[in-house]
Every structure is written in structure tokens, then in C-alpha cells.
Amino acid sequence: MASPATAGDIKDDAICSICLGYLTEPVTIACGHNFCRACLTQYCAAKIAGTPLTCPQCRAQFQKGEFKPNTQLSNIVQKLKQLGLKPGKGQKEDLCERHEERLKLFCEEDGETICLVCEKSRDHKSHTVVPVEEAAQEYKEKLQGALGPLRKELEEALVLTSKEKEKTTEWQRTVKNRREMMADEFNKLHTLLREEEQLLLQSLEEEERETLQRLQENVTKLSQQSSSLQQLITEIEEKCQQPVIELLKDVKSTLSRSENVKLQEPEAVSTDLKNVYKISLDMREALQRFGVNVTLDPHTAHPWLVLSEDRKRVRHGDKRQDLPNNPERFDPCVCVLGTEGFAGGRRYWEVEVGDKTGWELGVCRESVSRNGQVTYTPGNGYWVVWLRDGGYKALTSPLIPLPMSVRPSRVGIFLDYEAGEVSFYNVTDRSHLFTFTGTFSRKLRPFFCPCLNAGGTNAAPLIICPVPAQAGGNLCP
């Protein structure tokens with residue numbers, strides 16, 4: 001027979017850490033720990049769906065059903081049972097240290113195992129004691145009852161950890177996208193400033209050339225007059241030195257020429273520079289020189305839309321108008337296009353959205369279908385940003401939410417055809433909202449949708465803003 005110490009070690013290996021009893025149909029998982037088949041199956045079933053399974057003993061991950069029967073350990077358990085060894089510590093440890101009697105009782109007040117002699121002693125005489133088997137069973141049930149909430153807390157902790165990891169990844173992705181967006185915007189601004197510098201330098205050079213030419217013409221004319229005067233003076237001086245007869249010869253002609261001499265003053269040439277410039281790091285001011293005069297095309301407007309006489313405003317009306325059912329007209333989508341088409345260059349315009357609760361703005365290919373339901377995505381020829389249900393989104397696939405620290409009352413749209421970019425700006429706080437990137441090969445037109453009036457809560461019009469005086473944009477044919 002094995003020694004007590006050896007038997008205790010063997011018993012420890014034969015005990016299930018879930019039920020704390022001898023292993024029944026022992027199975028082994030990937031980490032090498034053993035459990036009752038029924039205990040492990042119940043443990044796996046109690047796991048929250050979607051969370052990884054972890055060993056109840058060492059927390060190593062394993063797959064459901066990835067456990068093997070341990071026949072050898074099952075045989076050892078049977079032999080231990082035949083020897084009459086019960087689950088627990090080694091036999092030597094089951095003896096009272098003071099009286100060397102078997103520890104058969106449990107003191108509820110002191111929370112310790114005691115022998116029969118201890119029970120009669122003064123220390124435990126008035127205490128409540130119960131047999132160790134009864135106490136063990138009671139506390140085993142309590143411990144097992146505590147396992148459920150603890151495992152639930154663990155599962156919730158693992159779920160929260162997973163969510164926080166996902167949130168961390170998403171936050172890093174958001175910061176990366178914002179960093180790239182900022183770099184792109186500043187590169188765009190630098191490009192515009194370099195182009196503005198070249199235009200200003202060319203203008204200054206032209207002004208310098210024109211002014212110098214006029215000044216040089218004045219110098220040439222004055223030099224010619226000075227030369228003629230010098231010749232006349234020399235002639236008169238020589239005349240005065242001549243004999244009487246020679247002096248009187250043609251003297252009247254000489255006097256007449258001297259009396260008719262009148263200096264022609266030079267043309268007034270201003271030397272004040274007309275080329276007044278201002279360097280600005282404001283993207284809006286840089287973009288405004290590409291401003292274009294956009295108007296609404298009534299032939300494309302949905303019958304429910306009402307356009308102003310100057311074709312600068314559009315709102316959803318109170319009734320459907322009786323309009324020709326031409327193929328250019330949007331129906332059923334309550335949209336309208338700009339009259340102007342762009343097939344190249346850079347164009348910028350601004351739209352007043354005010355306090356509207358819904359709107360859609362952007363550009364679309366002139367060739368898009370106007371009839372039937374439309375999905376506004378770049379793949380379908382639409383580069384659009386909208387406000388719906390209190391949220392701003394770029395209509396990509398999938399939609400991209402646009403965080404907004406300040407609600408825009410005016411939106412700027414910048415089309416850079418050759419670069420394949422459509423950018424949107426919050427004019428209210430002068431911030432960049434979003435940029436679509438791609439490749440354009442067909443004519444594009446401004447796109448407007450004031451959305452339904454929603455019982456009057458969204459009845460305000462979309463208003464195309466006036467073009468700044470310094471705008472230099474021109475329309476494509």
C-alpha cells in the first residue's frame with residue numbers, strides 16, 4: 001500500500017477541481033488538466049455565447065468538445081475508491097495536532113476542524129459542531145453556489161475587456177483617419193497657396209512691366225523735347241554772335257519758333273501698386289477664388305419642389321405641381337440639379353442649410369438615372385453628404401458618420417475634378433467635414449435635396465450663397 005503522503009498526492013490528482021470529488025469519467029483538455037466529463041460539459045454550457053472557453057484551473061483557452069477520455073486516470077480513481085480513501089488531504093494531515101485524534105468534527109464558530117477531545121475542551125464546549133462530512137457537504141454546496149456568480153462576473157469582465165480592446169482599436173483607427181485627413185487638407189492648402197503665389201507674382205510682374213514701359217515712354221519724350229530745346233538755344237546763341245546783316249536774316253522765323261515752344265508734360269503714371277495681396281491660412285478664403293455662380297435647373301426638379309425666381313432657393317412644397325414628365329426630372333426622389341456642368345478644373349460653392357433637420361448636398365454624374373429609387377453612393381455616380389435623424393453622414397458604402405462639434409448652418413462644396421476629389425466644409429466653424437476621392441471621367445453637376453418638409457419642421461429652403469467678388473472660377477462648357 002502506498003504511504004499516506006503518496007496516497008494524498010495521488011488523491012489530489014484524482015480530484016475534479018469543479019465538483020471537488022473523485023473524477024467521474026475523467027477527461028483531459030489541451031492544457032493537461034482533468035475534470036469529470038459531466039462537470040466540464042456543464043461548465044461549457046454555462047459560458048456566454050461568443051466568449052472563449054478557459055480552463056477552470058489555469059485559465060488556458062480550449063475549444064468546446066476538444067477533450068479526451070483519460071482511461072488510465074479512471075482506473076486509478078477506481079483503485080483509490082477500493083482502498084477506501086476518501087477525497088481530501090493525506091491521512092497524516094487528518095489528525096489533530098494536539099491530541100493526534102482523527103479530525104471528525106467542524107466548529108462553526110471558529111471555522112476549523114477538531115477532534116472528539118477538542119469538542120469536550122473548554123475552547124469548544126459551548127460551540128456548535130457538526131461532523132466534517134456534513135460541514136464539507138454544506139460548504140461545498142455554498143462554494144459551488146459561489147462559482148456561478150463568479151464565473152458570470154468573469155465572463156462579463158472578459159466581454160468588457162474585449163469591448164474595450166475593440167474601442168481602443170476603433171479609436172486608433174479614428175485618430176489615424178483624422179491625422180491623414182488633416183495632412184491632406186494642409187497639403188491641399190499648401191498647393192492652393194503656391195498657386196496663389198504664382199498668380200500674384202505673375203500679376204505683379206505684368207504690372208511692373210506695364211508701368212515701366214509707360215515711364216520709359218515719358219523719359220523718351222522728355223529727352224526728345226530737351227534735345228530740341230538745346231538745339232534751339234544753341235542756334236539763338238550763335239545768331240546773337242553774327243554780323244548785323246546775318247543776324248537779321250530769318251530772325252523773325254527764329255523768334256517765332258522760340259515763342260511757340262511749349263513743354264509737353266509727361267503722362268501721369270501712378271506708382272502705387274495695384275497688386276494688393278493678403279496671405280491667408282484660411283482654407284475657405286483660399287477656396288473662394290474658385291467660386292462659381294451655381295443656379296438650379298427647373299427641368300430636373302421633382303414636382304413637389306418649389307424653386308425661387310432667381311433659381312437660388314429650393315424647398316419642399318405643399319402640393320405636387322403639374323409639370324412635364326420629362327426624362328431629366330427626378331421622381332420619386334425630391335432632388336434637383338444645378339444648371340451648370342463641370343468637366344474639369346476646380347469649383348467651389350456654398351449652400352445655406354440654416355436650421356433644417358434634413359438635407360442632402362454634393363455632386364453627381366450628369367448621366368445618372370432620374371427615375372426610380374436611387375442609392376446615393378460613388379459607385380452609382382453620387383458624391384453626397386446628408387443630415388438625417390440628427391446625424392451627419394457621408395454616403396459611402398457603408399455610410400460613414402461625421403462627428404460634428406458645431407452644427408453647420410452653411411456648407412461649402414469644393415470639386416477638384418483632375419484630383420478626383422469632392423470636399424465638404426462646415427463654413428460655420430471653418431472645419432473640414434469629409435473628402436470623397438476617386439476618378440472622374442464624365443460631366444458632374446451640383447446636387448441638392450431639401451428633403452421632405454416633415455409637417456413644417458423642415459420647410460426652410462436650401463439657399464445657394466452669392467459668389468464672392470474675388471472669385472475667379474469659370475464654368476466648363
Side-chain angles (χ1 to χ4, degrees), residues 1-27 29 31 33-48 54-60 70 73-158 160:
M1 181 181 294
S3 66
T6 305
D9 294 338
I10 295 174
K11 284 196 298 177
D12 289 345
D13 293 336
I15 292 173
C16 172
S17 61
I18 297 178
C19 69
L20 303 179
Y22 275 136
L23 290 162
T24 303
E25 294 186 76
V27 291
I29 59 176
C31 60
H33 289 113
N34 304 291
F35 306 93
C36 299
R37 178 183 290 276
C39 293
L40 190 61
T41 301
Q42 184 178 2
Y43 171 78
C44 294
K47 281 283 182 176
I48 297 176
T54 56
C55 172
Q57 196 162 335
C58 69
R59 300 305 174 197
N70 193 328
L73 186 55
S74 180
N75 293 333
I76 292 174
V77 171
Q78 294 303 320
K79 290 179 181 179
L80 288 172
K81 290 180 177 180
Q82 291 172 5
L83 291 173
L85 297 175
K86 296 182 179 181
K89 299 290 184 180
Q91 292 178 357
K92 191 172 183 179
E93 296 179 0
D94 289 347
L95 299 179
C96 175
E97 293 180 357
R98 292 175 61 188
H99 307 109
E100 294 188 358
E101 294 287 335
R102 293 291 299 276
L103 300 170
K104 295 184 177 182
L105 303 172
F106 180 77
C107 177
E108 293 284 1
E109 279 79 355
D110 294 331
E112 62 179 15
T113 53
I114 61 176
C115 67
L116 293 173
V117 178
C118 292
E119 180 191 13
K120 304 300 182 182
S121 69
R122 188 176 301 165
D123 294 338
H124 301 281
K125 189 173 183 180
S126 61
H127 293 176
T128 302
V129 296
V130 294
V132 290
E133 292 81 2
E134 182 181 332
Q137 182 62 31
E138 178 184 351
Y139 281 100
K140 178 180 178 180
E141 292 175 359
K142 289 181 179 180
L143 289 171
Q144 288 178 335
L147 285 174
L150 288 174
R151 286 171 180 154
K152 184 177 181 181
E153 289 292 323
L154 174 60
E155 296 303 326
E156 291 180 359
L158 292 173
L160 291 174

Discussion item. Can you tell me how far apart OG1 (T128) and CG (D110) are? Round to the nearest 0.5 Å.
Written reply: 10.5 Å

Worksheet item: Around E155, counting heavy atoms of other residues, nucleotides and ligands shown, do more than 12 lie under 6.0 Å from its CD?
Response: yes

Worksheet item: If we only count heavy atoms from C-beta on, is the R102 to L95 side-chain gap below 4.5 Å?
Response: yes

Fill in: Centroid-centroid distance, F35 to Y43, less than 6.0 Å
no

Worksheet item: Say you draw a straight line from CD of Q137 to CD of E133; how long is it, rounded to the nearest 0.5 Å?
Response: 10.5 Å

Discussion item. Please find the pair of heavy atoms, one from C36 and one from L23, that lie closest to each other, and give the distance.
Written reply: N-CD2, 3.5 Å

Discussion item. Return the CG to CG distance between N70 and N75, rounded to the nearest 0.5 Å.
Written reply: 9.0 Å

Practice prompt. Measure across A135 and V130 and return the closest heavy-atom pair with its distance rounded to 0.1 Å.
Written response: CB-CG2, 3.6 Å

Discussion item. Counting only heavy atoms not in K152 (residues, nucleotides, ligands), do more than 12 fall under 6.0 Å from its NZ?
Written reply: no

Discussion item. As an exercise, state the distance from CZ of R37 to SG of C16, rounded to the nearest 0.5 Å.
Written reply: 13.0 Å

Worksheet, complete the sentence: Here the pair of heavy atoms bringing C107 nearest to I114 is CB-CD1, 4.3 Å

Worksheet item: Which pair of heavy atoms, one from L105 and one from C115, lies closest together, and at what distance?
Response: CD1-O, 4.1 Å

Discussion item. Is it the case that over 12 heavy atoms from other parts of the model lie below 6.0 angstrom from the CD atom of Q144?
Written reply: yes

Discussion item. Looking at every non-hydrogen atom in both residues, tell me the closest pair between I18 and L147 and how far apart they are.
Written reply: O-CD1, 4.1 Å

Discussion item. Within the structure provided, determine whether V117 and C96 are in side-chain contact (heavy-atom separation under 4.5 Å).
Written reply: no

Fill in: N-O pairing of E138 and K142 below 4.0 Å
yes

Worksheet item: For the atom pair NE2 (H127) and CD (E112), what is the distance rounded to the nearest 0.5 Å?
Response: 9.5 Å

Worksheet, complete the sentence: Value for CG (L160) from CD (E153), rounded to nearest 0.5 Å, stands at 9.5 Å

